Engineer: 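So that we are looking at the same thing, I have put the structure below in structure tokens.
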Amino acid sequence: MILNENEMNTFTNQIAIYMKILKENYNVNYLSISPNKNSIFYLENDLKSPIDLHIPLDAGIGRGVLIRKSWDLPKINFIKLVTRETKSPLCLVDVGTNIGLITRECIGNVENIKTAYAYEPHPSNFSLLSKNFSGIERININLINAGLGKSNGTLNFYLDPDNAGNYSLNINAMPANMECSSIKVEILSANEEKEKWLQNNEAIVYKSDTQGYDEIIATSYDLSFWDHVKCGIFELWRIDGKEYDRDKFCTILDKFTHRVFGANPTRNVSVKEVDQYLYGCEGDFDDLLIWND
């Protein structure tokens, strides 16, 4: 059945209403769905049985998955394109994994990923993340219930009440018109963690989506780490409260011959343009895709 625009809008609104009823009246916090074999979310465990996909009942992640039947396909297509001729094993590093949608899509659809490290500090999101990869040992999947930062410790983690995909260590990523709560979460030294990713000498596929903390994490690694990265994705936010080494971030970007924004993926941008983009503080954001041939 094909829905016209009005029917699709009605369907979208009804999903939001039903999810709100389930959450508020019946204390249902997540849904388990069974993707069919042609779904990008389809994944089997080591016994060849399908693994259900567990999603939160929220207006961001859960609603988006139900409506689009995928999550951030341009990122998956980018990774597939850049790694299509790579014959050697790849290590996927997913910083800010949430419930594991990107990692799941990559493992099921990108060849040669043999190792994955997924970092998610929020306990409920991490619980769903663990369910979404239950029973897989054929790939070395490492799920870590922590965030990354400059050093080991704990930090405040701010929570968008309507969107489980918008949790951040930067309070300025929260909606200005909402009262947001926070919890304390564990933070691991990014520079120490990266040693685990390099131990098998696999090329790194790096994805970071931390709602305004990507640059801080990126500049926490030794510069030599980026020589091992085949391709990377940053979600760059134009918000206040980001204290990072701007010169070092520019040096990182300069290591890659290709840099494009997700909003205009056919145009290669200079390091200076990226740096200027990050001057803004009105709350916009865009993906930056980087890679070498």
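The first residue of the sequence shown is numbered 1, and numbering continues consecutively from there. Treat the numbers as computed from the prediction; the structure is a model and nothing was measured.
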Engineer: Could you tabulate the donor-acceptor pairs under 3.5 Å formed by side-chain atoms of residues 217-226, not counting sequence neighbours?
Structural biologist:
from	atom 1	to	atom 2	distance (Å)
T219	OG1	E215	O	2.8
T219	OG1	I216	O	3.2
S220	OG	I216	O	2.7
Y221	OH	Y206	OH	3.0
D222	OD1	N191	ND2	3.4
D222	OD2	K194	NZ	3.4

Engineer: Would N264 and T266 count as a side-chain contact (heavy atoms from CB on, under 4.5 Å) if you check the C-alpha gap in whole Å, the side-chain angles of each, and the deciding distance to 0.1 Å?
Structural biologist: CA-CA 6 Å; N264 189 4; T266 61; 3.4 Å; yes
Engineer: Quick check, are the ring centers of F78 and W291 under 6.0 angstrom apart?
Structural biologist: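 Yes; W291 has its ring centre under 6.0 Å from that of F78.
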Engineer: Is the distance from the ring center of F261 to that of Y277 below 6.0 Å?
Structural biologist: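 Judged by ring-centre distance (under 6.0 Å), F261 and Y277 do meet the cut-off.
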Engineer: Do any N or O atoms from the side chain of T97 and from the backbone of D94 form a donor-acceptor pair under 3.5 angstrom?
Structural biologist: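 Yes: the side chain of T97 pairs with the backbone of D94.
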Engineer: With a distance cut-off below 6.0 Å to the six-membered ring centre and an angular limit of 45° from the axis, does R259 pair with F234 as a cation-pi contact?
Structural biologist: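 That pair does not qualify as a cation-pi contact.
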Engineer: Between N140 and K114, does the side chain to side chain donor-acceptor pair (under 3.5 Å) criterion hold? Intermediate values first, please.
Structural biologist: CA-CA 6 Å; N140 181 18; K114 304 302 180 184; over 6 Å; no
Engineer: Ignoring hydrogens, what is the shortest heavy-atom contact between I99 and I61? Give both atom names and the distance.
Structural biologist: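 Reported closest heavy-atom pair: CD1-CG2, 3.7 Å.
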Engineer: For a side chain to side chain donor-acceptor pair (under 3.5 Å) check, start with the C-alpha distance between Y279 and R246, then their side-chain angles and the critical distance, and finish with the verdict.
Structural biologist: CA-CA 11 Å; Y279 267 114; R246 292 180 60 179; 3.2 Å; yes
Engineer: Flag the pair D287 and K75 as a salt bridge only when some basic side-chain nitrogen lies within less than 4.0 angstrom of an acidic carboxylate oxygen.
Structural biologist: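 Result for this pair is yes, salt bridge flagged.
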Engineer: Can a donor-acceptor pair be found, under 3.5 Å and without considering hydrogens, that links the side chain of S270 to the backbone of E273?
Structural biologist: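 Yes.
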Engineer: For residues 160-168, please give each side-chain donor-acceptor pair under 3.5 Å, one per line with the distance, not counting sequence neighbours.
Structural biologist:
from	atom 1	to	atom 2	distance (Å)
D160	OD1	D162	N	2.9
D160	OD1	N163	N	3.4
D160	OD2	N166	ND2	3.0
N163	OD1	G165	N	2.8
N166	OD1	Q211	NE2	2.8
N166	ND2	A173	O	3.3
S168	OG	N170	N	2.9
S168	OG	N170	O	3.3
S168	OG	Q211	O	2.7

Engineer: What do the steps show when you test D52 against K131 for salt bridge (Lys or Arg N to Asp or Glu O under 4.0 Å), and what is the final call?
Structural biologist: CA-CA 8 Å; D52 284 348; K131 294 176 187 293; over 6 Å; no
Engineer: Quick one: are R104 and I51 in side-chain contact, heavy atoms under 4.5 Å?
Structural biologist: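 Yes. Closest side-chain heavy atoms under 4.5 Å.
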Engineer: Is there a side chain to side chain donor-acceptor pair (under 3.5 Å) between D293 and H258 once you walk through the steps?
Structural biologist: CA-CA 8 Å; D293 294 325; H258 303 283; 2.9 Å; yes
Engineer: In terms of side-chain heavy atoms, does Q199 have a donor or acceptor partner in W197 at a distance below 3.5 Å?
Structural biologist: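 There is no such pair between these side chains.
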